[in-house]
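One structure below.
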Amino acid sequence: GAGVSQSPSNKVTEKGKDVELRCDPISGHTALYWYRQSLGQGLEFLIYFQGNSAPDKSGLPSDRFSAERTGGSVSTLTIQRTQQEDSAVYLCASSRGGGENIQYFGAGTRLSVL
Amino acid sequence: QQPVQSPQAVILREGEDAVINCSSSKALYSVHWYRQKHGEAPVFLMILLKGGEQKGHEKISASFNEKKQQSSLYLTASQLSYSGTYFCGSRGGATNKLIFGTGTLLAVQP
């Protein structure tokens with residue numbers, strides 16, 4: 001596609017429910033990243049996928065968070081048993097995976113946990 | 001560890017200059033600079049690799065001193081369109097992962 005696509009753009013859920021956030025990277029990009037941005041805060045690294053290698057999960061805040069990337073393309077970030085502190089904008093980015101490795105960001109999913 | 005940026009916020013008049021600094025406690029392989037406008041996704045500005053090079057993009061340039069583990073972003077003759085939050089992203093080695101800095105909010109007023 002022309003750019004990184006994320007869906008849904010907004011998600012409101014109740015505390016304790018599970019949510020799935022989707023990211024479609026730029027075609028041909030082998031690297032995919034998830035970040036979390038709380039209101040007025042910076043970009044918190046969550047997880048990074050590079051080709052067929054094992055993902056770098058070092059930024060996931062708890063075992064309620066998981067992500068997968070199917071077929072080296074689309075990725076899903078899952079948050080189980082959501083808590084109010086999970087409310088944030090979740091950003092996805094993709095890159096070629098080599099060279100300068102510029103990251104291109106999607107518009108994000110704004111998650112609100114009531 | 002997250003790179004520290006300074007200042008946290010700066011307000012300018014159109015035409016004024018600004019410098020944003022990014023310091024890391026870890027050795028850096030490269031530094032990326034991004035700008036994020038309110039409610040939008042971050043957008044790539046430039047990348048600096050080891051070697052102390054400087055780069056320029058219109059009236060925005062940057063430097064990278066790997067010995068000091070620091071990078072600076074220079075905005076000259078600022079325009080209203082420069083307003084936003086600027087993030088540096090540090091890359092520490094073979095990984096493509098970026099750790100983003102604390103951010104600097106820049107507001108340019110007429």
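Residue numbers start from 1 in every chain, and the chains themselves are labelled A, B, ... in the order their sequence lines are given, proteins ahead of strands.
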- Query: Among B:G101, B:P42, B:G103, which has the most heavy-atom pairs under 4.5 Å with chain A?
  - Reply: B:P42
- Among B:Q36, B:E40, B:Q2, B:H38, the residue with the most heavy-atom pairs under 4.5 Å to chain A is B:Q36
Verify the cluster assignment for [X] and [Y]: are they in a single hydrophobic cluster under the rule of side-chain heavy atoms below 4.5 Å apart?
X	Y	result
B:L80	B:I60	yes
B:F44	A:L32	no
A:V74	A:Y90	no
A:L21	A:Y33	no
A:L91	A:L60	no

- Query: Are more than 12 heavy atoms from other residues, nucleotides or ligands located less than 6.0 Å from atom NZ of B:K37?
  - Reply: yes
- Query: Does a sphere of radius 6.0 Å around CD in B:Q8 hold more than 12 heavy atoms from other residues, nucleotides or ligands, not counting ones at 6.0 Å or beyond?
  - Reply: no
- Task: Side chain from CB out, backbone as N, CA, C, O: work out which of these in A:S58 comes under 4.5 Å of a heavy atom of chain B, or both, or neither.
- Result: side chain
- Nearest heavy-atom neighbours spanning A:Q41 and B:F87: O-CZ, 4.2 Å
- Query: Looking only at heavy atoms, which two atoms of A:Q103 and B:Y34 are closest? And how far apart?
  - Reply: N-OH, 3.0 Å
- Query: Side chain, backbone, both or neither: which part of B:L105 has a non-hydrogen atom closer than 4.5 Å to chain A?
  - Reply: neither
- Message: Working to the nearest 0.5 angstrom, can you tell me the gap between B:K97 NZ and A:S95 OG?
- Response: 14.0 Å
- Measure the OH-CD1 distance between A:Y35 and B:I99 for me, rounded to the nearest 0.5 Å. 7.5 Å
- Message: Strictly less than 4.5 Å between heavy atoms, which residues of residues 104-114 of chain A line up against chain B? Please order them by number.
- Response: A:F105, A:G106, A:A107
- Item | Members of residues 43-56 of chain A whose heavy atoms come closer than 4.5 Å to chain B | A:L43, A:F45, A:Y48, A:Q50, A:D56
- Task: Answer yes or no: is there a side-chain heavy-atom contact under 4.5 Å between B:R91 and A:N101?
- Result: yes
